[in-house]
Amino acid sequence: MSSIKIECILPMNCCCGESPVWEETSSSLLFVDIPAQKVCRWNSLTKQVQQVTVDAPVSSVALRQSGGYVATVGTKFCALNWKDQSTVVLATTDKDKKNNRFNDGKVDPAGRYFAGTMAEETAPAVVERRQGSLYSLFPDHRVQQLFDQVDISNGLDWSLDHRTFYYIDSLSYSVDAFDYDLQTGQISNRRSVYKMEQEEQIPDGMCIDTEGKLWVACYNGGRVIRLDPETGKRLQTVKLPVDKTTSCCFGGKDYSEMYVTSARDGLDPESLSRQPEAGGIFKITGLGVKGICSNPYAG
């Protein structure tokens with residue numbers, strides 16, 4: 001086994017850091033701080049951080065094929081122009097639910113932007129149940145609702161052969177799979193591929209490696225776990241020095257580094273003194289596996 005190293009590369013003090021995405025062209029890590037309404041970009045070469053502030057909670061960011069980025073802001077899918085720090089609304093969801101906002105999102109291999117909603121939290125991970133839905137934004141800016149009755153829409157990714165869509169609704173304490181039709185973007189045949197153990201706590205963000213195994217960040221569990229979705233077995237646990245690990249992605253020049261976001265919202269002073277790096281961005285090296293590059297939105 002290679003020796004695993006964990007370092008806090010960015011002591012950001014994020015209220016709730018989320019949605020890490022590696023941008024190969026700039027050797028940068030994108031991520032958001034949801035309640036702070038910030039999209040951040042950390043350049044791994046210069047170690048500088050740039051930020052764009054938007055006008056509502058921003059829960060996910062993704063690359064855009066035509067340049068710039070897309071992001072989920074409030075209940076809107078938006079295009080984000082980094083140069084002039086402007087956003088343009090591409091589509092709006094959940095118009096009948098004023099208390100809702102988007103949560104995690106990711107682009108599928110055909111360039112559709114998938115993201116789900118949830119009710120605003122009354123405390124971290126405490127929400128009015130079944131208020132959310134999962135949506136996909138097509139390249140022509142058409143929006144499709146895939147299903148509703150979601151508690152906290154969270155981690156998502158696709159199998160290497162693009163035939164399976166993996167999805168987490170956090171309060172189900174399960175990682176689910178669907179059959180996936182890449183041509184149409186339709187999903188079917190939902191089933192659970194992994195049930196969380198008690199100490200793993202709440203499943204949050206997720207990514208896939210080149211061996212088709214899933215990595216899930218465990219909110220309140222202070223760890224990322226590696227799962228085999230075929231057998232439903234946990235293969236590996238990597239513990240971090242913070243409790244509220246929120247999401248993960250692979251990056252670096254050969255995608256062998258894992259980046260993990262975290263949160264500090266809801267931690268009392270004693271917990272914060274025990275984990276001063278809460279809300280920071282972490283890099284894990286020596287995992288012995290690699291990830292794949294993220295898909296850009298095609299619209």
Side-chain angles (χ1 to χ4, degrees), residues 2-23 27-53 57-61 103-104 121 123-126 152 154-155 170 196 199-207 215-226 236-252 255-289 291:
S2 50
S3 63
I4 291 170
K5 182 182 169 196
I6 300 166
E7 57 182 317
C8 182
I9 52 162
L10 209 51
M12 278 291 287
N13 291 349
C14 290
C15 301
C16 186
E18 265 284 3
S19 184
V21 177
W22 183 257
E23 183 178 46
S27 298
S28 297
L29 184 76
L30 293 154
F31 60 96
V32 302
D33 185 347
I34 299 177
Q37 304 182 6
K38 285 182 178 3
V39 182
C40 306
R41 186 170 71 186
W42 173 75
N43 186 305
S44 68
L45 306 176
T46 65
K47 312 299 183 199
Q48 298 299 303
V49 183
Q50 299 172 306
Q51 300 179 352
V52 171
T53 303
V58 54
S59 57
S60 74
V61 62
N103 203 35
D104 208 352
E121 295 167 297
V126 179
I152 300 179
N154 237 319
S170 286
M196 303 296 283
E199 73 276 6
E200 291 164 357
Q201 296 284 338
I202 302 171
D204 202 327
M206 171 168 59
C207 67
W215 291 82
V216 178
C218 301
Y219 186 84
N220 287 344
R223 67 194 70 191
V224 290
I225 55 175
R226 187 183 192 223
Q236 193 173 355
T237 299
V238 181
K239 293 190 176 173
L240 286 92
V242 293
D243 290 343
K244 294 182 181 289
T245 38
T246 54
S247 192
C248 52
C249 78
F250 284 94
Y255 289 91
S256 66
E257 302 164 350
M258 176 174 279
Y259 291 90
V260 181
T261 49
S262 70
R264 62 194 287 123
D265 261 10
L267 291 173
D268 59 28
E270 190 218 349
S271 301
L272 284 170
S273 68
R274 195 168 41 80
Q275 41 183 311
E277 295 171 328
I281 311 299
F282 294 84
K283 180 170 81 171
I284 305 174
T285 49
L287 288 172
V289 293

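All residue numbers refer to positions in the sequence shown, counting from 1. Values reported hereafter were calculated over all heavy atoms of this structure, with side chains retained and with hydrogens, waters and symmetry mates removed.
- Counting all heavy atoms, side chain and backbone alike, Met258 lies closest to Cys207 at CE-SG, 4.2 Å.
- To the nearest 0.5 Å, atoms CZ (Phe250) and CG (Leu287) are separated by 6.0 Å.
- To the nearest 0.5 Å, the span separating CG on Leu267 from OG on Ser262 amounts to 9.0 Å.
- Between Cys249 and Leu29 the shortest side-chain heavy-atom distance falls below 4.5 Å.
- For residues 265-279, the set of pairs meeting the salt bridge (charged side-chain N to carboxylate O under 4.0 Å, His left out) definition, not counting sequence neighbours, comprises Asp243-Arg274.
- Applying the salt bridge (charged side-chain N to carboxylate O under 4.0 Å, His left out) rule to pairs touching residues 28-47 yields nothing, sequence neighbours excluded.
- Residues meeting the side-chain hydrogen bond (donor to acceptor under 3.5 Å, both in side chains) test with Thr285, sequence neighbours left out: none.
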### Query
Could you go step by step and tell me if Gln236 and Ile4 meet the side-chain contact (heavy atoms from CB on, under 4.5 Å) rule?
CA-CA 12 Å; Gln236 193 173 355; Ile4 291 170; 3.5 Å; yes
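- The line from CD of Glu18 to OH of Tyr219 is 9.5 Å long, rounded to the nearest 0.5 Å.
- Considering CD of Glu199 and NZ of Lys239, their distance stands at 7.5 Å, rounded to 0.5 Å.
- Here the closest non-hydrogen pair linking Ile202 and Ala125 is CD1-CB, 3.8 Å.
- Contact annotation: the side chain of Val224 approaches that of Ile284 to within less than 4.5 Å [non-hydrogen atoms, C-beta and beyond].
- Remark: Tyr259 engages Trp22 in a ring-ring contact (aromatic ring centres under 6.0 Å, His included) (not counting sequence neighbours).
- To the nearest 0.5 Å, atoms NZ (Lys244) and SG (Cys218) are separated by 13.0 Å.
- With no hydrogens or angles considered, a side-chain donor-acceptor pair links Thr261 and Thr246 at under 3.5 Å.
- In terms of the side chain to side chain contact (heavy atoms under 4.5 Å, CB included) criterion, residue partners of Val49 (sequence neighbours excluded) are, by chain and number, Leu10, Met12, Cys40, Trp42, Gln51.
- For Ser170, the side-chain hydrogen bond (donor to acceptor under 3.5 Å, both in side chains) test picks out Asn154, with sequence neighbours left out.
- Nearest heavy atoms, Val289 versus Arg226: CG1-NH2, 3.6 Å.
- Pairing each heavy atom of Ala217 with each of Cys248, the nearest pair is N-SG, 4.2 Å.
- Using a 4.5 Å heavy-atom threshold, the side chains of Met206 and Val216 count as touching.
- Side-chain atoms of Ile34 and Asn103, non-hydrogen and from C-beta on, do get closer than 4.5 Å to each other.
- Using a 4.5 Å cut-off on side-chain heavy atoms (C-beta onward), Arg264 and Asn13 make contact.
- To the nearest 0.5 Å, atom SG of residue Cys8 and atom CZ of residue Phe282 are 4.5 Å apart.
- Remark: side-chain polar atoms of Ser28 are not paired, donor with acceptor, to backbone N or O of Glu23 under 3.5 angstrom.
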### Task
With side chain to side chain donor-acceptor pair (under 3.5 Å) as the test, would you mind laying out the steps for Ser27 and Ser44 before giving the verdict?
CA-CA 6 Å; Ser27 298; Ser44 68; 4.7 Å; no
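- Ser19 and Ser59 make their closest contact through CB-O, 3.8 Å (heavy atoms, listed as atom of the first residue, atom of the second, distance).
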